[in-house]
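Note sheet for the following structure.
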Amino acid sequence: MSSVMRAVVVYLFLLALFRLAGKRSLSQVTTFDLVLTLIISEAVQQALISDDNSMTNAFLLVLTLVGLDILLSFIKQRSQRLSRLLDGTPVVVVEDGRLLRDRMKRERVDEGDILHAAREHQGLASLDEIAYAVVERSGGITVVPKHQDG
Amino acid sequence: MSDVTRVGRLEIDQNLRAQNNDWRAQRVGWGIMVSLVIAGALGVFGRGPLSHATARSPRGDVSLEYERFARLGAPLKLKVTLASGSLPSPVRLSISRQYLDRMMIERILPRPVRVRARGEMLDYAFELAGGRASRAEVVFEMQPSQAGVNHGTLGVGGQVLTFRQLVYP
């Protein structure tokens, strides 16, 4: 298989796999997420490079991968539907201070994760202080405090 | 973002219908992942119990151990066992060219004393210790060089075994 085809296949495989795995997979919550990311890159490396260690091959692969990324970003800009399909959508898990348990369960998020995000980004101490929490496309959680002007 | 909506005070491009589809697709995706991993462990993608196969000649004196599933560029073995009452020395094995063209042979054990092309086949001649033996094993170590379905033919003393291998890219 040519380098370009290899890069395209690997890119699409990983894209599909990580979309199916869900937002929260490998979203750098724990130390092990980072380790896992490194192991995955190591495993995929051989499939990308195969037996060709030339600079030409490396450049061709990087060009293909970055090119695909640019191409997809254009497509996503033009079509809302494809954008949702490729990137997913954010999900509100705390609305007006109410925990939406069903969505939390489906996104595999618990109170601990929401509190973690609240402490980290807003310096909030308890769930009462949270107005909104959203599981973003990236898998990270963002928090809006109740009294923004207070 | 044209589909930004309001959820209370929050302006957000949440789309619960798309999200529900996502969740459903994820369930299906996990099912597929689990089945692929199980299939992989069993050898459907090579190297496992479902991949290992043995073909035997009708008389039972020639057997060939091979892999049903192989991977491009990964080591692969063919093991031929001859077990007839008395084998002549040198004993002759022939393998179809069509098969070998799609392989890179790395090593043959024992080393053949002679290799000859004969039409669509390659004839390998192996010497046996003491001039005769009742049992001999020949191992071909190789690497598939092309993905796809490989049809192989092995001929020993007028008996022909055919086998098939699927080589994954």
Side-chain angles (χ1 to χ4, degrees), chain A residues 1-2 5-6 9-10 13 15-25 46-47 49-52 76-98 100 102-103 105-108 130-137 142-149, chain B residues 1-41 45-47 69-76 102-106 142-150 166-169:
Chain A
M1 216 187 299
S2 78
M5 274 307 289
R6 251 173 224 289
V9 171
V10 168
F13 171 76
L15 182 69
L17 183 69
F18 279 87
R19 279 288 285 128
L20 289 175
K23 295 188 189 70
R24 296 290 289 163
S25 307
Q46 286 300 313
I49 293 175
S50 186
D51 49 3
D52 184 347
K76 282 185 268 194
Q77 215 175 19
R78 301 242 161 125
S79 160
Q80 288 290 327
R81 261 190 69 194
L82 278 172
S83 166
R84 284 199 295 267
L85 187 72
L86 294 170
D87 284 344
T89 52
V91 180
V92 177
V93 287
V94 178
E95 194 176 330
D96 289 321
R98 245 175 338 107
L100 304 171
D102 182 46
R103 296 186 197 170
K105 199 175 142 204
R106 295 230 239 170
E107 276 300 336
R108 286 167 285 155
I130 300 173
Y132 296 96
V134 180
V135 179
E136 301 289 353
R137 271 182 283 263
T142 51
V143 171
V144 178
K146 262 183 184 155
H147 307 292
Q148 257 175 336
D149 40 20
Chain B
M1 287 290 156
S2 61
D3 61 349
V4 173
T5 52
R6 266 185 176 276
V7 175
R9 201 146 61 77
L10 207 59
E11 255 186 282
I12 192 168
D13 57 334
Q14 177 174 252
N15 185 322
L16 286 175
R17 220 186 48 191
Q19 189 56 56
N20 271 321
N21 288 338
D22 266 24
W23 282 326
R24 215 168 300 141
Q26 280 174 15
R27 290 283 150 79
V28 177
W30 299 340
I32 295 171
M33 283 179 212
V34 169
S35 33
L36 283 179
V37 170
I38 292 172
F45 304 109
R47 301 189 182 179
F69 306 105
R71 301 170 192 174
L72 191 63
L76 180 69
R102 300 167 69 95
M103 294 285 161
M104 254 166 26
I105 295 183
E106 310 219 295
M142 45 199 179
Q143 267 187 25
S145 58
Q146 274 179 56
V149 180
N150 282 356
L166 175 60
V167 179
Y168 292 101

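The chains referred to below are lettered A, B, ... by the order of the sequence lines, with proteins before strands, and numbering in each begins at 1.
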Exceeds 12 heavy-atom contacts within 6.0 angstrom, atom CZ of A:F13: no
Proximity breakdown for B:L10 and chain A, heavy-atom pairs closer than 4.5 Å: both
A:R108 versus chain B, the contacting section by heavy-atom distance below 4.5 Å: side chain
Most contacts with chain B, counted as non-hydrogen pairs under 4.5 angstrom, among A:E95, A:Q77, A:R103: A:R103
Segment of B:L16 engaging chain A (4.5 angstrom heavy-atom cut-off): side chain
A:R81, part contacting chain B, at a heavy-atom distance under 4.5 Å: neither
Side chain proximity check, B:R9 to A:V144, heavy atoms < 4.5 angstrom: yes
Per-residue contact mode, A:L85 against chain B (heavy atom under 4.5 angstrom): neither
Contacting region of A:A131 [heavy-atom separation from chain B under 4.5 Å]: side chain
Best-contacting candidate, A:D96, A:V91, A:D51, A:V134, against chain B by heavy atom pairs under 4.5 angstrom: A:V91
Other residues, nucleotides, ligands: >12 heavy atoms within 6.0 Å of A:R78 CZ: no
Working for side-chain hydrogen bond (donor to acceptor under 3.5 Å, both in side chains), residues B:Q26 and A:K23: CA-CA 10 Å; B:Q26 280 174 15; A:K23 295 188 189 70; over 6 Å; no
Crowding at CE, A:M5 (>12 non-hydrogen neighbours, <6.0 Å): no
Pair A:R106 + B:D22: basic N to acidic O under 4.0 Å: no
Atom pair CG/OG of B:N150 and B:S145 - distance to nearest 0.5 Å: 8.5 Å
For chain B, the option from A:G22, A:A16, A:G88 that forms the most heavy-atom pairs under 4.5 Å: A:G22
